[in-house]
Amino acid sequence: MDKKELEEDVLASGKSAEKKPKKTSGKKKQRKGISKNTAKIIKSCVCVVVVVALLVCYVATGTARKGVIASTGLPAKCFTSLTVSDGENKANIKVATYNFYYATTYNQMRNTAEQYSQYGLDLADAGMDVDFTKKLSKQTYTDTETNEEMTWEEHMHELTLDAIKNTYVYYLEAVAANDGKEPEITEEQQNEIQEALDSYKESAQQYHYSLDAYLTAAMGKGVDEKLFRQEVTRQYIAQNYQSDLQSGAAQTNYTDEDIQAYLDEHLEDYQTVDVMLYECSSEDEAKEFASKLSADGSNFGELASSYATDDYDKEVLKDNAYSTFIGATKSVLQQRTDTNGNPAYAISAADSATVTDEESSETTYPGLDYLFSTDRTAGEVYTYSTTVAYIIEPVSLSERNIVNVRHILIYADDELEATEQSTASADKWAEAYDKAQDILKQWQDGDATEDSFAELAKENSADSSASNGGLIENITTGTMVNSFNTWIFDSARKAGDTAIVRSDYGYHVMYFSSEGDQTVYAYQISQTLASEDSTTTNTELLDSYTVSENIFGSCYNQKDYDFSN
């Protein structure tokens with residue numbers, strides 16, 4: 001197998017683990033350099049995503065690395081490249097460790113760029129306008145915030161320093177908090193490290209490398225199995241400590257005064273409406289639809305079904321729950337989009353008007369402004385362009401509490417992905433419903449307890465919550481699909497209630513566990529305050545540490561030419 005085939009083989013294995021980027025529509029704004037959001041992802045990737053970053057490593061042959069395999073790697077293992085310290089806690093980072101982080105940063109960015117290109121996305125628009133087939137030292141990077149210009153090689157070095165700092169700050173804090181000893185990582189994390197190494201070992205054998213030589217080829221001088229285990233373990237320790245900090249902030253008990261003070265400044269963000277919506281194909285159709293609606297809105301689903309053109313929609317829209325939004329904020333309605341990423345309802349569309357005196361534009365949402373006006377009344381029918389709205393409850397600060405629910409998800413067709421279930425045949429849907437009924441009856445004929453429901457969820461649910469007995473806690477209005485949301489937030493709902501609810505993902509065998517102690521808005525505000533406090537804590541912690549480079553040792557750092565032909 002030649003060099004090109006080897007590269008393509010390893011890259012292909014990494015791509016399968018990546019999510020397909022979404023295509024965007026509309027005119028693209030061109031800019032040089034990496035985007036702010038992309039930069040944040042790259043900078044924080046070590047603390048957040050470990051194994052995926054490793055599995056997409058771009059492996060080149062020894063000749064492409066200018067003799068890496070032939071090198072002893074002693075300078076990389078012995079010399080200090082840089083030091084991370086806050087004056088009390090300190091880590092001397094060897095050149096080999098720098099090479100490891102440079103490689104994972106470089107490889108992740110290269111793989112991301114190839115993913116974007118593969119799906120026809122504009123690299124310049126994504127802030128990834130860099131050609132990895134050419135030397136990074138010959139390409140210019142422009143910081144979008146400061147307009148500072150540097151080479152892409154220099155920028156890659158900066159990203160590598162950020163990745164090292166983001167790991168070692170939390171690693172050092174974790175060790176300090178554990179009386180100077182490394183905390184244990186979880187068994188699952190240990191298994192993931194071993195699985196990654198086993199995968200590398202298998203590939204190494206195919207290309208007649210030893211495992212150490214293969215890791216050196218993939219990640220640079222001085223990187224072997226021992227260093228690999230050390231650095232990935234430290235990444236996990238850092239990740240776990242950072243997660244503990246965030247969890248601690250999330251568990252903070254904010255006072256009623258704290259919540260009220262925040263609410264006073266952001267009231268509109270938490271006000272909600274209960275409304276049924278349907279998007280017609282024309283304004284005339286919307287007016288006709290509205291004229292046929294009964295005063296109590298009970299025939300909304302029937303009308304929606306009659307106007308639908310898709311067979312699947314005709315079936316599911318018969319149930320009013322599919323069109324019902326319970327406790328919807330403006331942002332919830334704005335976030336509902338169609339398959340092309342456009343607003344699902346005309347009423348949620350933005351209207352950008354040019355403000356001439358400021359030479360800028362102001363974005364407004366006239367449809368939502370009308371819907372969320374205090375002048376609206378229950379039972380009011382409103383058409384905005386092609387949207388028909390039936391107001392169940394006008395705008396208010398809802399006193400609904402968060403809820404805890406268990407469910408068992410039954411796919412209509414196990415051969416389809418979750419997002420493709422709506423394309424399953426009618427026969428498959430009928431089979432899924434029968435299965436859901438059988439499971440519910442099995443529970444009813446047994447102990448009929450929450451624990452027995454949880455066991456059935458573990459055995460039968462296709463949802464990610466299955467391992468936790470189907471439990472989803474602290475649910476807020478608007479976060480679940482309409483039919484699911486409508487059932488769990490029914491005012492008559494009580495602990496122990498069960499039902500079978502259909503959504504686009506399949507049938508849900510429902511079990512209402514309990515109602516939480518906080519209102520939805522109080523819980524959401526608490527989470528926001530916790531997030532802000534966590535961000536402040538993390539920022540202050542990162543700012544308290546410095547990264548100083550060793551002039552002599554850093555001369556041996558892996559460079560752009562180690563990767564380029």
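Residues take their numbers from the sequence shown, with the count starting at 1. None of the values given here were measured: they were computed from a predicted structure.
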If the condition is salt bridge (charged side-chain N to carboxylate O under 4.0 Å, His left out), which residues does [X] pass it with, not counting sequence neighbours?
X: E202; result: none
X: R229; result: E225
X: D224; result: K77

Side-chain donor-acceptor distances from residues 171-178 under 3.5 Å, at least two apart:
residue, atom, partner, partner atom, Å
Y171, OH, E182, OE2, 2.6
Y171, OH, R234, NE, 3.3
E173, OE2, Y545, OH, 2.6
N178, ND2, K181, O, 3.0

Exercise. Can a donor-acceptor pair be found between the side chains of Y236 and E192 at a distance below 3.5 Å?
Worked result: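 Indeed, the side chains of Y236 and E192 share at least one donor-acceptor pair under 3.5 Å.
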Exercise. Side chains of S461 and D463: donor-acceptor distance under 3.5 Å anywhere?
Worked result: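 Side chains of S461 and D463: no pair found under 3.5 Å.
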Problem set entry | Of V84, T80, L161, V547, the residue whose pairing with I93 passes side-chain contact (heavy atoms from CB on, under 4.5 Å) |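 For I93, the side-chain contact (heavy atoms from CB on, under 4.5 Å) check succeeds only for V84.
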If you look at every heavy atom in [X] and [Y], which pair is closest and at what distance?
X: I439; Y: L456; result: O-CD1, 3.9 Å
X: N404; Y: N474; result: OD1-N, 2.8 Å
X: A103; Y: A218; result: CB-O, 4.0 Å

For this session: With sequence neighbours excluded, tell me which residues meet side-chain contact (heavy atoms from CB on, under 4.5 Å) with E431.
Result: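 Here the qualifying residues are K428.
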For this session: Please indicate whether E532 has more than 12 foreign heavy atoms, meaning atoms of other residues, nucleotides or ligands, lying under 6.0 Å from its CD.
Result: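 Counting other residues, nucleotides and ligands, CD of E532 exceeds 12 neighbours.
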Problem set entry | Gap separating the OH atom of Y168 from the OG1 atom of T83, nearest 0.5 angstrom |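 OG1 of T83 is found 11.5 Å from OH of Y168.
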Problem set entry | Nearest-0.5 Å distance, CD1 of residue I164 to CD of residue Q235 |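 The CD1 atom of I164 sits 10.5 Å away from the CD atom of Q235.
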What is the ring orientation for [X] with [Y], classed by angle as parallel under 30°, tilted 30 to 60°, or perpendicular over 60°?
X: W152; Y: H155; answer: perpendicular
X: H157; Y: Y98; answer: tilted
X: Y207; Y: Y214; answer: parallel
X: Y241; Y: Y170; answer: tilted
X: F453; Y: Y511; answer: tilted

Exercise. Do E153 and K559 meet the salt-bridge criterion of a basic N to acidic O distance under 4.0 Å?
Worked result: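 No salt bridge links K559 with E153.
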Exercise. With a 4.5 Å limit on heavy-atom distance, are the side chains of M480 and H508 in contact?
Worked result: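 The answer is no; the side chains never approach within 4.5 Å.
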Exercise. For F552, does its backbone N or O pair with a side-chain atom of N550 as donor and acceptor, under 3.5 Å?
Worked result: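 Indeed, once roles are kept as given, a pair shorter than 3.5 Å links the two residues.
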Problem set entry | Partner residues of T233 under the side-chain hydrogen bond (donor to acceptor under 3.5 Å, both in side chains) criterion, sequence neighbours left out |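 Scan of T233 (side-chain hydrogen bond (donor to acceptor under 3.5 Å, both in side chains), adjacent residues dropped) gives none.
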